[in-house]
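This is a predicted model, so every value here is computed, not measured. Because only heavy atoms are used, hydrogens play no part in the values below, and waters and symmetry mates are left out as well, while side chains stay in.
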Amino acid sequence: MEASTGAGTATIAATKAANGGVDFTMSQKISNFVEAIKLDDPENGLNFPVTIKSPELSVEASGKGVQTRPLLDLLAFAVANEDEKTLKANQAQLKSLLLAALPVWERIDGTYGFKDFAVDSPIGTFGATQLSTAFGSDGVSQSGKITYGIKASGLTVPQQLLPSWSVALLPTDIDLNFGGANIDLDSMAKKAIEAFDLNQDPPLSAEFGDELKADFLAKAPKVVIGHSVVKNKDMEIALEGEMTSFGQKPDANLTVDVTGFDKIM
């Protein structure tokens with residue numbers, strides 16, 4: 001694998017957060033991203049070079065209330081307690097530092113984006129005029145949210161790979177959004193920090209793990225599918241919903257809307 005890029009720029013700004021920690025924003029752009037991957041395995045007859053390229057790769061990120069000072073204190077503790085015997089002797093201080101670092105951050109969000117994304121291969125070129133992935137996460141809280149997103153527009157695939165009747169079914173644009181809600185990491189983290197003992201093997205018992213899992217599920221966390229769309233010029237499929245109760249009786253509610261079905265048929 002070989003990768004190369006052209007010129008790049010990056011900016012970052014940070015201010016003191018109202019509730020402690022640091023708020024920051026970061027923006028980065030890199031030109032002429034190229035990654036050449038050569039898969040060559042003569043024993044299996046595999047010779048499949050692939051080149052991934054984009055004239056512009058961009059990264060956007062932001063954070064609220066990032067606990068930079070407590071995280072630095074944790075790093076300093078790790079450096080000073082590399083020896084296992086010393087670490088075990090000072091685990092009370094470790095617990096105190098871990099608690100001080102909570103909630104680690106209030107919110108973190110980031111997006112990777114590619115312009116005119118292309119994958120050149122021996123069977124043709126796969127591409128998208130815009131391709132991006134997004135991730136966001138609350139910190140360690142009692143009712144946290146996690147979000148993921150994948151967006152692509154102007155999708156193309158080598159049509160010689162497909163039967164002619166299937167071309168009308170291929171999506172040209174996708175916008176997928178999913179994640180989780182009602183995620184109580186705060187209770188789990190505090191209970192685990194209080195309970196672990198580095199003098200035991202394992203530091204947390206299997207019984208404690210089962211109790212922690214039961215407590216987590218009792219708070220009714222949800223898998224959430226945000227409004228998501230898959231479409232082409234003739235058809236659009238939209239869906240959204242959520243799922244709860246991950247035990248023996250899961251409960252899901254999903255709405256699917258299809259436009260242009262008759263034309264496709």
Side-chain angles (χ1 to χ4, degrees), residues 5 7-30 33 56-82 86-87 90-114 131-151 175-196 198 203-204 209 212-213 215-216 219-226 242:
T5 65
T9 60
T11 60
I12 185 168
T15 58
K16 185 176 180 179
N19 297 322
V22 170
D23 294 342
F24 78 89
T25 58
M26 188 272 286
S27 180
Q28 184 177 17
K29 286 188 177 182
I30 298 172
F33 172 82
E56 183 179 282
L57 164 63
S58 61
V59 182
E60 303 288 338
S62 64
K64 293 185 63 178
V66 181
Q67 300 299 306
T68 50
R69 174 57 62 185
L71 291 173
L72 285 172
D73 290 342
L74 269 171
L75 178 60
F77 176 87
V79 172
N81 293 269
E82 289 182 285
T86 305
L87 178 62
N90 293 328
Q91 68 173 326
Q93 183 185 359
L94 173 60
K95 292 187 176 189
S96 177
L97 291 171
L98 287 170
L99 289 171
L102 299 179
V104 189
W105 58 69
E106 290 182 34
R107 181 74 185 179
I108 289 282
D109 289 282
T111 302
Y112 274 83
F114 294 91
L131 176 65
S132 65
T133 60
F135 169 76
S137 173
D138 290 346
V140 178
S141 64
Q142 293 186 352
S143 184
K145 293 181 180 180
I146 297 175
T147 56
Y148 298 90
I150 301 172
K151 289 185 179 181
D175 184 359
L176 305 179
N177 300 283
F178 50 97
N182 289 351
I183 300 173
D184 183 5
L185 296 181
D186 182 72
S187 298
M188 292 179 67
K190 289 177 179 176
K191 288 179 181 178
I193 291 171
E194 180 182 355
F196 81 77
L198 298 178
L204 290 171
L212 209 60
K213 179 182 176 181
D215 290 345
F216 176 75
K219 300 293 177 66
K222 297 188 293 186
V223 172
V224 178
I225 300 176
E242 61 184 38

Any donor and acceptor pair, going by atom type alone, linking the side chain of [X] with main-chain N or O of [Y] inside 3.5 Å?
X    : Y    : answer
Q67  : G65  : yes
W105 : G21  : no
D138 : K145 : yes

Between [atom1] of [X] and [atom2] of [Y], what distance do you get to the nearest 0.5 Å?
X    : Y    : atom1 : atom2 : result
L97  : L75  : CG    : CG    : 11.5 Å
I225 : E242 : CD1   : CD    : 10.0 Å
K191 : D186 : NZ    : CG    : 10.5 Å
L176 : I150 : CG    : CD1   : 5.5 Å
S141 : R107 : OG    : CZ    : 9.5 Å
L98  : F196 : CG    : CZ    : 5.5 Å

CZ/F178: more than 12 non-hydrogen atoms of other groups inside 6.0 Å: yes
Taking NZ in K95 as the centre, count heavy atoms belonging to other residues, nucleotides or ligands within less than 6.0 Å. Is the count above 12?
yes
How far apart are the closest heavy atoms of [X] and [Y], and which atoms are they?
X    : Y    : answer
I146 : Y148 : CG2-CE1, 3.5 Å
D184 : S187 : OD2-OG, 2.9 Å
A80  : T86  : O-CG2, 4.5 Å
N177 : G149 : OD1-CA, 4.1 Å
G63  : I108 : CA-CD1, 3.8 Å
V224 : A181 : CG2-CB, 4.0 Å

With sequence neighbours excluded, what pairs up with [X] under the side chain to side chain contact (heavy atoms under 4.5 Å, CB included) test?
X    : answer
E56  : K29, K115
L185 : V140, I183, M188
L99  : L102, K190, I193

- [ ] Please lay out, stage by stage, how V59 and M26 fare under the test side-chain contact (heavy atoms from CB on, under 4.5 Å).
- [x] CA-CA 8 Å; V59 182; M26 188 272 286; 4.0 Å; yes
Show the numbers, then the answer: is there a side-chain contact (heavy atoms from CB on, under 4.5 Å) between R69 and D73?
-> CA-CA 6 Å; R69 174 57 62 185; D73 290 342; 3.9 Å; yes
With heavy-atom distances below 4.5 Å as the criterion, would you say the side chains of L57 and T5 are in contact? no
| Is there a side-chain contact (heavy atoms from CB on, under 4.5 Å) between T68 and F24 once you walk through the steps? | CA-CA 11 Å; T68 50; F24 78 89; over 6 Å; no
Worked verdict on F114 versus T133 for side-chain contact (heavy atoms from CB on, under 4.5 Å): CA-CA 9 Å; F114 294 91; T133 60; over 6 Å; no
